[in-house]
Amino acid sequence: VAWWLIDGRRPFEGSPAEMAEGHLRRALPRLRPRFSAPEGLEDWLHHLLAKPPERRYAFAAEAARGLLALPDLSARALAPEASNVTLVSLHHDRNDPDWPSELDPTPIPRDWRAGRAPRTRPEQLGAGLGLHGLRSNPLVGRSREQDLLWSELAGAYRHRRPRLVVLRGATGTGKSRLGTWLCQRVHELAAAEPLWTGHSQRREGSRGGLAELVARHARCVDRRRNEVLGRVTRVLARQGVQDVDEVLTLTELIQPQRGEEGLRLDRDARQAAVLRYVARLARRRPVVLVLDDVQWGLESLLFVERLLEERLPVLVVATAQEEDLTGRHAEQLTLARLSRHERVRELALGPLSQDACHELLRDLGLEPALAARLAERSGGNPLFAVQVVDDQLERHALEPGPLGLRLAPRARIELPEGLRRMWSSRLRNLLEARPSWRTPLAVAALLGVEVDLVEWGVACRLAGSEPPPELWPELLARRLATAE
């Protein structure tokens, strides 16, 4: 497209097959600009259209930096409306001693912020409501946490030593969303190479964790073993690795061979293979590793312990759900050991403020009055707010109004079935261990969202049940209640 805009013609003409053949095998023709072009523009285009993938810009932000570096060009001259959004974040002071650039071409921008996208106009909200679930949910009320993550990334880059940030909190407070945001933002700014993996109780060994970390980055998810073998071979070749043993090891990590012929990698071999993979990536630019739900990821936590001993510009962000750590003694002990390391930070994510929840719901399209009602009911839990809106849309309970989405006639706000099952499961786990707490809990629920402990004690005795003093500390520990 850029070539056509500058030259007025495509670099290769003809049928689709002929154009594809040109891009694959023929040399680029000489550029004939239709206007006075700055020196270096043709080289920039050749970089974009290079035949070997490793010679192309790896990120759009790198291409933008290359274009901005040409004489007589600036962000405002190229795109005045965009210069306050993203391109402004690409500029940094190369003479600043706090921002060394040995890992060029992608020194980390000083600030992660971009201009805020305009909120959808109310009259446009009715368009594409069926696609609402595909949109990326906005991240609000977490600028302090975003600043800390960016600062830790800069520290890992500056000192060439890995750092770990553990995001702790209850379900739905936005830990995973922060990790996803960091991956997206470093990719947008070409500030680091992002890698992500998740963990769950139902996904063990090669089905998640370290294997998924490499599989996602190498684009080997849900591929057959022979396809994984070919893909890993090409990825490692671009990293300058021709070692057959390394190819087979990573292939076995991602897609273990069944039967007796497999390599049967033990934990040490798996961790060593992933460490070598990350180290090769870190030679060119910093690396961000997001490990989601590490309360089920002991192997990943042990890998982080090993990684912290290396000299690599890597930031690890691990999310942990406090309530699910109960009973996970190995993970708890490993997190406790990690917390004593000098380059490890722990960050507790509490509920969002009501104003931030209101902003989130307004960004999701709700009218101010409905957004205020839901913000109050959400208790500062962004997952609750988002899932309620998604559920209302699926049930056609929302309709466009003059100020935003509003409740349709005779519709009411209901708790989504997924959230109902989640909370019911957590309460069931609690009551299985303490069945005598059922009546005191039921009394508390009848008293409302805010419970006065003196009033609750009186009500329990009237219901024929003695209020257990250890109930509320247990509810607080499991994040089933909050104290004021």
Pairwise side-chain contact, Pro440 with Pro467, heavy-atom cut-off 4.5 Å (strictly under): no

Check: Glu252 side chain, Gln257 main-chain N or O, donor-acceptor pair, under 3.5 Å: yes

Pairs where residues 162-187 contributes a residue and the test ring pair (Phe, Tyr, Trp, His ring centres under 6.0 Å) is met, not counting sequence neighbours: Phe59-His187, Trp112-Trp181

Donor-acceptor pair, side chain of Arg406 and main chain of Leu398, under 3.5 angstrom: no

Residue that, paired with Val389, satisfies side-chain contact (heavy atoms from CB on, under 4.5 Å) out of Asn137, Ile413, Leu360, Leu366: Leu366

Side chain Thr334, main chain Ala330, donor-acceptor under 3.5 Å: yes

Minimum side-chain heavy-atom gap Val287-Leu195 below 4.5 Å: yes

Salt-bridge contact Glu367-Arg373 (side-chain N to carboxylate O under 4.0 Å): no

Exam field: side chain Asn381 to backbone Thr171, donor-acceptor pair closer than 3.5 Å: yes

No-hydrogen, no-angle side-chain donor-acceptor test under 3.5 Å, Gln295 and His199: no

Salt-bridge present (Asp324, Arg328; N to O < 4.0 Å): no

Ionic contact status for Asp147 with Arg113, cut-off 4.0 Å: yes

Salt bridge (Lys or Arg N to Asp or Glu O under 4.0 Å) evaluation trace for Arg280 with Glu246: CA-CA 12 Å; Arg280 287 191 293 269; Glu246 185 74 345; 3.1 Å; yes

Heavy-atom neighbours of Asp243 CG exceed 12 at 6.0 Å: yes

Leu349 vs Thr319 side-chain heavy atoms within contact, under 4.5 Å: no

Donor-acceptor contact below 3.5 Å, side chain Gln255 vs main chain Arg223: yes

Residue pair Gln321 / Asp293: nearest heavy atoms and the distance that separates them: NE2-OD1, 3.2 Å

Side-chain donor/acceptor of Lys175 to backbone N/O of Ala170, under 3.5 Å: yes

Pro162 backbone acceptor or donor facing Arg343 side chain under 3.5 Å: yes

Heavy-atom pair of closest approach, residues His217 and Pro194: CD2-O, 4.0 Å

Note: Glu62-Arg284 ion pair, threshold 4.0 Å (strictly below): yes

